[in-house]
Amino acid sequence: MKHLISINDLKKNDLEELFAQTWSFKELLSRELKKVPSLRGKSVVNLFFENSTRTRTSFEYAGKRLGADVINI
């Protein structure tokens with residue numbers, strides 16, 4: 001699934017897979033090193049046309065947690 005518009009678009013197995021992934025991220029919070037190498041060696045460029053410190057910071061934080069180099073424009 002490329003885009004999720006509504007929770008009604010999800011099947012039972014989609015929800016089960018989503019919840020399984022959330023448990024792995026919960027376990028990540030208990031580790032000393034809270035990064036995963038999912039995006040290691042990749043760059044993420046965040047471009048926002050409206051000022052939103054909270055959104056920009058959230059996207060930057062997520063990219064860094066996934067191991068990416070993050071550039072904010």
Side-chain angles (χ1 to χ4, degrees):
M1 176 182 308
K2 188 172 182 177
H3 301 286
L4 176 62
I5 305 300
S6 168
I7 195 167
N8 294 325
D9 297 334
L10 297 173
K11 296 181 176 80
K12 181 181 177 186
N13 62 334
D14 295 327
L15 287 170
E16 289 171 348
E17 184 178 326
L18 182 63
F19 286 126
Q21 290 177 357
T22 60
W23 283 112
S24 68
F25 280 104
K26 185 175 180 181
E27 292 171 9
L28 176 69
L29 294 175
S30 64
R31 294 184 354 192
E32 186 174 329
L33 181 62
K34 296 179 179 13
K35 285 187 172 185
V36 293
S38 302
L39 296 178
R40 183 182 300 151
K42 305 287 183 185
S43 295
V44 173
V45 179
N46 295 321
L47 172 64
F48 294 102
F49 294 102
E50 301 290 331
N51 290 333
S52 174
T53 303
R54 183 175 38 185
T55 303
R56 181 191 54 80
T57 303
S58 297
F59 275 72
E60 180 179 2
Y61 186 66
K64 289 182 177 182
R65 273 282 181 92
L66 292 171
D69 296 319
V70 179
I71 300 168
N72 292 312
I73 299 174

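Here, residue 1 is the first one in the sequence, and each next residue gets the next number. What you see is a predicted model, and the numbers here were worked out from it, not measured in a lab.
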**Prompt:** Where is the tightest heavy-atom contact between A68 and V44, given as atom of each residue plus distance?
**Reply:**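 Residues A68 and V44, closest heavy atoms: CB-CG2, 3.6 Å.
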Tell me, yes or no, whether the heavy-atom count around [X] atom [atom1], taken from other residues, nucleotides or ligands under 6.0 Å, exceeds 12.
| X | atom1 | result |
| --- | --- | --- |
| N13 | CG | yes |
| F48 | CZ | yes |
| R54 | CZ | no |

Atom pair [atom1] ([X]) and [atom2] ([Y]), whose distance is rounded to the nearest 0.5 Å:
| X | Y | atom1 | atom2 | answer |
| --- | --- | --- | --- | --- |
| R56 | N46 | CZ | CG | 8.5 Å |
| K42 | L66 | NZ | CG | 13.0 Å |
| K64 | D69 | NZ | CG | 9.5 Å |

**Prompt:** Would F49 and F59 show up in the same hydrophobic cluster when neighbours are defined by side-chain heavy atoms closer than 4.5 Å?
**Reply:**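 Looking at the clustering, F59 is in a separate group from F49.
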**Message:** As a test of understanding, state which of I73, I71, N72 forms a side-chain contact (heavy atoms from CB on, under 4.5 Å) with L47.
**Reply:**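 One option only clears the test, and that one is I73.
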